[in-house]
Amino acid sequence: MHSSEVKEDTHDSFRRITAEVICAGENELRVRVAAPSLFGEMPVWIHRDRVNSEFDETLCLLEPGSKLNLVDVIIVDGGLLPRFLILEPDYLVDASALAECAQEYGTCWQRYFWNRIRPKTITDSILLGNAVNLIFDELITAKDFRSVTFDSLMPKIFARYPIEFVSAKSVDRRFFQNLHSQFETLKRILSTDFSALGIDRRKAMVEPSFICEALGLQGRLDFLQVENGLCGIELKAGRPPYPENDLSKVSFPHRAQCALYQSMIQSVLCVKLETQHFYLLYYRNLNQEGCLRPEET
């Protein structure tokens, strides 16, 4: 049956079904499942346009005994029709690292492994980004962020990154002037932008970790507010995409990263995508109004 003519046998649907591959055919898999109301061998419909055809490349890696998570499954023609097929989900992949595979020119899974094995260097830009993240955490968790001074945070920054400060080659007066500028930018955002968007830092968590076995993902978000509407924020050390005055512009890997976090939150916290609000904080943006940019999936 053509994918556009799919009809459900029942109204039964399953958020996730764990399966073991028995064999693969041209348009179906034969799997062994163990779900509350499903036992034994069943067919899994694959290569369905606008349903799960984007996983065709993953299916080439299957072999007998492979473990699969079938996510968002409905019963069709006596078989399982999943929206997502997650291969070997016990190997959790970092969401931020995976998002780097999505670029404006296309997707490239090889980037994940290249980023894992290439030599790591310590630059002033990386150190600046780490320091700004620490400043953001301190401001969010402070009883009164307006009373926090730049000088009071410097000992904590040096204590957190002593080796990085020694190793970076161009940490000079200009570096600390730039860091102070980012400090003032973050205080302004917390004072004005957060209030305008209804974000309450007092009801938020900094760097909550997520483990989502259903999707085979893990990650740590910079900011998460659960009460009074779920809101997530990811800090970005780089400049926003060109042109910077286009306040709706968000880079492709950053958009992918938000989508992965939102999918994990929907799976782990059972919060629907349409009720989530995500923002990317480009604190180096030249336009003050464009630092906090919404990203809706």
Side-chain angles (χ1 to χ4, degrees), residues 13-21 29 31 33-35 44 46 51-62 66-73 80-103 106-118 133 204-226 230-236 250-281 294-297:
S13 62
F14 301 85
R15 182 71 185 98
R16 181 189 68 176
I17 296 175
T18 301
E20 179 182 343
V21 175
L29 303 175
V31 301
V33 301
V44 176
I46 55 177
V51 180
N52 56 29
S53 59
E54 60 265 40
F55 292 92
D56 288 354
E57 187 175 353
T58 300
L59 296 175
C60 297
L61 304 175
L62 295 180
S66 295
K67 304 297 182 184
L68 280 177
N69 271 353
L70 310 176
V71 181
D72 291 347
V73 186
L80 306 174
L81 180 62
R83 176 66 183 85
F84 300 94
L85 296 99
I86 310 301
L87 175 61
E88 301 295 349
D90 291 339
Y91 295 94
L92 300 177
V93 179
D94 181 76
S96 299
L98 182 60
E100 284 299 315
C101 297
Q103 300 291 327
T107 57
C108 179
W109 57 264
Q110 291 90 340
R111 286 180 62 92
Y112 175 82
F113 295 100
W114 165 243
N115 289 331
R116 295 274 293 180
I117 65 176
R118 68 176 180 175
N133 271 55
M205 298 175 283
V206 293
E207 299 191 356
S209 296
F210 287 90
I211 295 178
C212 182
E213 189 271 341
L215 299 176
L217 294 171
Q218 65 177 345
R220 189 171 61 186
L221 190 61
D222 287 328
F223 175 98
L224 181 65
Q225 172 188 299
V226 178
L230 189 142
C231 172
I233 298 176
E234 267 293 297
L235 272 69
K236 294 303 169 188
V250 172
S251 76
F252 205 80
H254 297 165
R255 178 174 286 111
Q257 184 183 23
C258 285
L260 292 172
Y261 276 121
Q262 287 178 279
S263 297
M264 282 196 290
I265 289 173
Q266 177 176 252
S267 178
V268 175
L269 301 181
C270 299
V271 180
K272 294 182 178 180
L273 291 175
E274 55 267 25
T275 64
Q276 300 181 32
H277 301 282
F278 258 68
Y279 299 89
L280 289 159
L281 203 170
E295 174 51 38
E296 303 293 343
T297 299

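Side chains are part of it too, since the values below use all heavy atoms of this structure and drop only hydrogens, waters and symmetry mates.
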Mind checking the [atom1]-[atom2] spacing from [X] to [Y]? Nearest 0.5 Å is all I need.
| X | Y | atom1 | atom2 | answer |
| --- | --- | --- | --- | --- |
| Glu100 | Gln257 | CD | CD | 8.0 Å |
| His277 | Thr275 | NE2 | OG1 | 7.0 Å |
| Asp72 | Asn52 | CG | CG | 11.5 Å |
| Leu70 | Leu80 | CG | CG | 6.5 Å |
| Gln276 | Leu224 | CD | CG | 9.0 Å |
| Leu230 | Phe278 | CG | CZ | 6.5 Å |

**Fill in**
Closest heavy-atom pair, Ala97 versus Tyr112, reported as atoms and distance to 0.1 Å, is CB-CE1, 3.7 Å

**Asked** Do you know the tightest heavy-atom contact between Cys212 and Ser267?
**Response**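 It is SG-OG, 3.5 Å.
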
Could you tell me whether a side-chain N or O of [X] sits under 3.5 Å from a main-chain N or O of [Y], the two making a donor and an acceptor?
| X | Y | answer |
| --- | --- | --- |
| Glu295 | Cys258 | no |
| Ser263 | Ala259 | yes |
| Glu234 | Leu221 | no |
| Tyr261 | Arg220 | yes |
| Asn69 | Ala214 | yes |

With a 4.5 Å limit on heavy-atom distance, are the side chains of [X] and [Y] in contact?
| X | Y | answer |
| --- | --- | --- |
| Asp90 | Lys67 | no |
| Leu68 | Leu87 | yes |
| Phe14 | Val33 | no |
| Leu281 | Lys236 | no |
| Pro82 | Val73 | yes |

**Message:** Using the side chain to side chain contact (heavy atoms under 4.5 Å, CB included) definition, which of the options Asp94, Leu217, Val93 pairs with Leu260?
**Reply:** Leu217

**Message:** Would you call the rings of Phe84 and Phe55 parallel, tilted or perpendicular, taking 30° and 60° as the class edges?
**Reply:** perpendicular

Take atom [atom1] in [X]; do more than 12 heavy atoms of anything else shown fall under 6.0 Å from it?
| X | atom1 | value |
| --- | --- | --- |
| Arg116 | CZ | no |
| Glu57 | CD | no |
| Ile211 | CD1 | no |

**Item:** Working for side chain to side chain contact (heavy atoms under 4.5 Å, CB included), residues Leu29 and Leu85
**Value:** CA-CA 11 Å; Leu29 303 175; Leu85 296 99; 4.2 Å; yes

**Prompt:** Run the salt bridge (charged side-chain N to carboxylate O under 4.0 Å, His left out) check on Arg83 and Glu54 step by step: do they pass?
**Reply:** CA-CA 10 Å; Arg83 176 66 183 85; Glu54 60 265 40; 2.5 Å; yes

**Request:** Decide side chain to side chain contact (heavy atoms under 4.5 Å, CB included) for Val44 and Val21; before the verdict, give the C-alpha distance in whole Å, the side-chain angles of both, and the deciding distance to 0.1 Å.
**Result:** CA-CA 10 Å; Val44 176; Val21 175; over 6 Å; no

